[in-house]
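Position 1 is the first residue of the sequence, and the numbers go up from there.
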Amino acid sequence: MAVMVIGLFLRALTAFAAEGTLELQPLINEALKNNRDLMAAESQWNAASHRIGQATSLPDPMVMVGYQNEGWKNYTFGEMEGAQWMYSISQMFPFPGKRGLKGEMAAQEAGSSGEMYRAQRLKTAATVKELYYDLFLVHKDIDLVRDKTTLFSRIEDAALARYSSGMAPQQEVLMAQTEKYMLLEREIMLQQKVQSLEAMLNAAVGRDVNAPLGRPAEPVPTSFARDREELQAAALAQSPEIRSREKMLTAADARAGMAKKEYYPDVTLAASVFKRTAPFEDMWSLTATFNIPLYFGTKQKAVAEARSLTLGARQELEAGKLMVSSSVRDNYSMVKTAEKLMELYKNGMIPKTYQDVESAMAGYRTGKVEAITVISRLKALIDYETLYWAQFVEREKAIARLDALTGTAIPEAGEKKE
């Protein structure tokens with residue numbers, strides 16, 4: 001009785017908390033605006049973009065102000081020829097090509113951050129879809145449990161009638177009641193799962209975790225007509241994660257070129273004025289200062305380091321391609337397997353089991369079938385219907401992951417996905 005009271009209370013609580021039908025696309029749109037991880041990725045992209053101008057700018061010019069005196073005892077400006085005020089401005093110019101390589105490195109790194117931001121958008125949309133479908137599945141399981149609880153109540157009534165007439169032992173009544181209470185226990189556990197999924201979905205969308213959510217609308221099966229080779233080709237060409245690694249490889253190549261450029265000297269140009277008073281004339285000078293790449297061996301190590309980084313970036317790119325191809329194959333297999341199982345459950349196992357349940361119920365009332373037979377067939381029906389919707393959700397989640405892997409554009413509100 002306690003279990004039944006708790007179950008009824010949770011049903012009422014769920015009905016009270018639900019606020020209309022929960023639609024998927026508005027949740028995705030909201031997540032793309034408010035998801036915290038997505039905001040962080042966008043900030044990192046913006047920061048990397050601001051580094052491009054910094055990388056290509058010249059170093060700050062230097063200004064020098066000084067005084068030169070003759071002797072230690074007196075201030076000799078205007079009295080001695082060598083006493084003078086000195087003013088100088090200088091600018092360092094990197095060896096030709098260095099600034100361009102620095103700009104290339106910064107631009108490619110910013111481009112990589114931009115691709116990672118795009119990847120995060122796709123992942124955010126996929127995460128929202130997966131949580132939405134999981135939440136839908138739990139609500140569907142609750143519906144199935146409640147519906148089958150009614151069938152177990154019919155078995156319980158039939159068992160009570162047979163027990164009252166002396167046609168069945170009390171054990172059959174207890175067996176039917178136990179199975180019904182087990183379903184109520186399962187419903188309570190599913191209600192707890194609803195709370196957990198709603199918290200995760202709220203977090204993914206960027207809401208407070210305690211914000212109320214309605215019941216997900218029953219989704220229409222997503223059309224899926226692409227073959228595996230097409231998906232793998234699209235993933236290798238459009239995956240933002242692969243594009244990000246390609247840009248990091250280009251940046252590593254630019255870094256290797258920059259390391260070689262360090263063999264060549266930079267030049268600092270300086271213009272100076274030496275201020276004196278009559279009868280001594282002012283003086284001026286122009287100078288060019290070059291650094292000497294004296295530590296040749298150390299720079300060789302820098303080049304070797306840059307080459308190693310380039311090799312590592314290339315290996316990461318190849319590893320990324322293998323990972324994406326593997327994920328595409330895995331999710332494609334999930335879609336096709338789910339479609340076959342859904343067809344089997346919908347057109348084979350579920351209709352047949354429904355007939356078996358009705359036949360067993362009729363036979364039980366007349367005493368031709370034992371209670372355990374009716375209960376086992378009803379439990380099988382519950383399992384098949386639960387498995388059907390579980391495969392439906394797995395198919396939709398696999399398609400969502402494929403969209404993220406292949407870089408498929410995220411449909412806006414009102415836009416129909418092909």
Side-chain angles (χ1 to χ4, degrees), residues 24-25 28 31-32 35 37-38 41 111-112 114-137 197 200 204 219-250 311-349 384 386-411 415-418:
L24 175 58
Q25 190 56 52
I28 294 175
L32 296 179
N35 181 270
D37 292 334
L38 191 56
S112 176
E115 292 296 338
M116 291 309 297
Y117 167 70
R118 183 165 171 259
Q120 187 62 44
R121 280 177 59 86
L122 292 166
K123 286 181 180 179
T124 298
T127 298
V128 171
K129 288 179 182 179
E130 290 190 54
L131 291 172
Y132 179 89
Y133 291 132
D134 284 336
L135 185 59
F136 161 76
L137 179 60
L197 286 170
M200 289 189 288
V220 177
T222 304
S223 61
F224 185 81
R226 306 173 74 180
D227 57 38
R228 190 179 69 190
E229 290 73 18
E230 177 189 355
L231 288 168
Q232 288 183 330
L236 293 176
Q238 300 173 186
S239 169
E241 292 189 9
I242 291 180
R243 288 183 175 181
S244 174
R245 297 189 185 197
E246 288 174 344
K247 292 182 182 299
M248 290 304 296
L249 176 58
T250 304
L311 179 60
R314 184 170 287 108
Q315 295 301 327
E316 286 183 359
L317 173 60
E318 294 303 319
K321 290 180 179 180
L322 291 173
M323 179 189 68
V324 167
S325 296
S326 175
S327 297
V328 167
R329 180 173 180 175
D330 183 34
N331 284 284
Y332 180 82
S333 176
M334 288 183 184
V335 171
K336 292 305 179 182
T337 300
E339 288 175 347
K340 292 177 182 178
L341 290 174
M342 287 168 61
E343 178 70 19
L344 177 63
Y345 293 139
K346 184 177 181 179
N347 298 323
M349 305 302 293
Y384 289 141
T386 300
L387 288 170
Y388 170 81
W389 287 108
Q391 291 302 319
F392 176 92
V393 166
E394 284 302 316
R395 177 182 181 274
E396 295 298 319
K397 289 165 62 177
I399 293 175
R401 289 191 292 269
L402 285 170
D403 286 345
L405 287 166
T406 56
T408 303
I410 303 169
E415 181 181 343
K416 188 175 181 181
K417 185 173 79 169
E418 297 297 332

Should the pair [X]-[Y] be classified as a salt bridge under the 4.0 Å nitrogen-to-oxygen rule?
X    : Y    : value
E115 : R245 : no
D403 : K129 : yes
E343 : K340 : no
K397 : D134 : yes

Looking at [Y], is its backbone amide N or carbonyl O close enough to the side chain of [X] to form a donor-acceptor pair, meaning the two atoms are under 3.5 Å apart?
X    : Y    : answer
R118 : G407 : yes
Q391 : L341 : no
E396 : T222 : yes
S333 : R329 : no
T406 : A235 : no
T124 : Q120 : yes
N331 : S327 : yes
S325 : K321 : yes
N35  : A204 : yes

Can you name the nearest heavy-atom pair linking [X] to [Y], along with the distance?
X    : Y    : answer
P221 : F392 : CG-CE1, 3.6 Å
A404 : P240 : O-CD, 4.4 Å
A31  : V128 : CB-CG2, 3.7 Å

Determine whether R395 and M334 satisfy the following criterion, side-chain contact (heavy atoms from CB on, under 4.5 Å), listing intermediate values before the conclusion.
CA-CA 7 Å; R395 177 182 181 274; M334 288 183 184; over 6 Å; no

Please state whether the rings of W389 and F136 are parallel, tilted or perpendicular, taking 30° and 60° as the class boundaries.
perpendicular

Spacing of [X] atom [atom1] and [Y] atom [atom2] [to the nearest 0.5 Å]:
X    : Y    : atom1 : atom2 : result
L402 : F224 : CG    : CZ    : 5.5 Å
L236 : R243 : CG    : CZ    : 11.5 Å
L387 : Y345 : CG    : OH    : 4.0 Å
M342 : T337 : CE    : OG1   : 12.5 Å
S244 : E316 : OG    : CD    : 10.0 Å
E318 : I242 : CD    : CD1   : 9.5 Å

Are the side chains of [Y] and [X] in contact, using a 4.5 Å heavy-atom criterion?
X    : Y    : value
L405 : S239 : no
Y117 : L38  : yes
Q232 : Y332 : no
Y133 : L24  : yes

Checking side-chain contact (heavy atoms from CB on, under 4.5 Å) for the pair K336/R228: CA distance, chi angles, key distance, verdict?
CA-CA 10 Å; K336 292 305 179 182; R228 190 179 69 190; over 6 Å; no

